[in-house]
Amino acid sequence: MPIRSDGKRYFLEGNQTAYVLAVRDDKLVEHLYWGPKLPLDTDYPEADRNPSFAFENPQGLVPLEYPAWGGLRFSEPCLKVEFPDGCRDTRLVFEDAAILPHDEAGQPHLVIRLVDTAYPLRVELHYRLYEALDLIERWAIVSNAAAADPGGMAPEPGAIRLEQVFSACWNLPAGTPYCLTHLAGRWGGETQLRHDLLSEGKKVLESRRGATSHQANPWFALTPAGTAVGVDLAAAGTAVPPWPELGRPTGEEDGPVWFGALAWSGSWKIVVEATPYAQTQVLAGINDFDTVISLGPGEKFTTPACVAGYTEGGFGSMSRTLHRYQLQHVLPPAGARQVRPVLYNSWEATYFAVNEQQQMELAEKAARLGVELFVVDDGWFGRRQNDRAGLGDWYVNPEKFPRGLGPLIDHVHRLGMLFGLWVEPEMVNPDSDLYRRHPDWVLHVPGRPRTESRHQLVLNLARSEVRQFILDFLDRLLSENSIDFIKWDMNRHFSEPGWPDEPREHQREIWIRYVEGLYQVWDELRARHPKVLWESCSGGGGRVDLGILRRADQVWTSDNTDPFDRLFIQEGYSYAYSPKTMVCWLTDSPHWGNQRASSLRYRFHVAMTGTLGIGANLNHWSPAEMEEARALVAQYKAIRHLVQEGNLYRLISPRAGELAALEYVNEDASEAVLFVFLHSRKRLWPVPPIRLRGLSPERVYSLAVEEGRLHGPRRLSGRALMAWGLSLNLQGDFDSVMVHLKAE
Ligand code: GLA
């Protein structure tokens, strides 16, 4: 049984790992263990360990599964409430538990029910185990049980105010310091990897922006402290307690990693806390900042899920696990197993100045390259000539498309491609008919300025009429036109998040109700138009998370399409998210941003390590470039199943030096593809042999690679490829090679 109990302890065992909790004699639910699976039940620790330090209550230091604020407890809680009579002290104790062999997702599931000792507050802790992946999804359901308990314990009926309600608290083995790996960034520079050495205190990763954000991403990984490169722990003063670090630093393919991610597309928070007692806990959930949920009698609130796992196979194993989880359990099932089409997007070619004739011509060129999905980006609707007007007016611009979208769509379909369209449903320009009609539909605070960003305001999706408006216009657009793909954009974050029409006690729920509204609209549209493919975009990669990936088939990774920058952005992205979801366009050279020049092949190769797209102005391409691009698109189609579905090995990080190498291997190791990138050759050093991973040592692989790139035979054993590697010829600046390997 993957989940079982010995009456006191609850064991959740995956193929390799175990997670153990226990009900103590004082009825607190204590976390006991999270690490490799052990042979005997007696191998796991027992409950009722009571650390003791002055100025602390032993109970206050117990690592709890779901700490609520109350008593003598000072570390970050999951739950902070105010009861109707003003009481702010919460004491959650065990009530009962249930083990479901198969829940609605077909997975083993544990429910732990907690109840407050004096008030009608109930909390259900949910644990869904993915045995084969060694992952646990956790969430909590908090309810005001007053109605269900008439005349019961409540001194006063009324609403319970939830001031903080996280999804989970993950406790790490105590007694040793950790390194936190996370993703930081900004527009044009998303998902940059950071390794921080944790000392006592809290490191808070968060978004207070209403959306997931480019600046931080709701994902974390914790490893032994020495992983933070170049840190002398003793010198850094982080050896708490004062003995050497337990365990070696973690690397790409070796060492322990505790990791997790939150399925939420609004303001979120991950608090990593190292206490003075060398306990480390990670709490994740909806951001409590400016958020209060008012739960009336009988009402409940369900948090988003937070998934977490443990591996001893380093960051590479962590990523492969998360990728597999997304393909098998997160992405919308309809498209999860289908390869993603090669797309063309007209944005960088034509910006807002789209029209029927010019898009038809671009479509013809794209079709010649082997493109399978042609996407018209911004500019096709309302009075949209630039970003100052038109958002909210979702009718086809009659000057640009006098015959509507029909003729262009037919043309694209006749060329053998799917047709896609850009929308930004959550936004409105003040210069729009929609805003003139409904100025109250935006987030705003009466009497305060309505701060614009990119000349736009945010529609309040917590309002039902706003949701209905979005649902109606998109439903009409998709019903009246044969549209196969929608790119759903969101180009600003929240300000003045007011909701003046709502009763005061619910106004601060707006942060949550907005996201729930967004999910509701998206889910309904998917149900009504099941064949449509959806892309999430927010000024590039501003909305990448496990919540949106339950609705979006893929994500626009970054507006920065400079291939060299992309190596770093895409590396960080791949730590947490599957390459199949990672849309990568190659665009023109020199790049509009960095003015860096690079070859067409290099730009293609970088984009081929995810879901390939082309965003260049094809009108500027020579016949020779068109021909080269056609061949590269064909090469991508021959290997994309490996990139999109295979196991990713980050052989050499672009951060490590002048080289980067990525390898993708299929499930039975019969096929693989290798990409090698040279940033810049220095001091005449030849490129060293690139050692592969994940192949089968006994098999012989034949290699397909561009002429003149390989030193040595085109036929090698898996053992040789992994032990000695491939000697490749790369030269100059921004050079690249792709090798396709097939077992004989
Ligand atoms: C955002 C997107 C771009 C493009 C523009 C259109 O910035 O990330 O890809 O769609 O909007 O305005």
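Indexing begins at 1, ligand by ligand and atom by atom, following the structure's order.
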Electrostatic pair [X]-[Y], nearest N-O below 4.0 angstrom:
{"X": "R492", "Y": "E452", "value": "no"}
{"X": "R528", "Y": "E524", "value": "yes"}
{"X": "D393", "Y": "R436", "value": "no"}

Item to check | Near-ring test W488/W522, centroid separation under 6.0 angstrom | outcome: yes

Next on the checklist: Quick check on side-chain contact (heavy atoms from CB on, under 4.5 Å): which of R388, R384, R383 does N429 satisfy it with?
Outcome noted: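 It is R384, the one option of R388, R384, R383 that forms the side-chain contact (heavy atoms from CB on, under 4.5 Å) with N429.
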
Item to check | Ring-face cation of R596 near F564 (centre distance under 6.0 Å, axis angle within 45°) | outcome: no

Item to check | Neighbouring residues of ligand 1, heavy-atom cut-off under 4.0 Å | outcome: W347, D377, D378, W422, R454, K487, D489, N491, C537, G539, G540, W556, D559

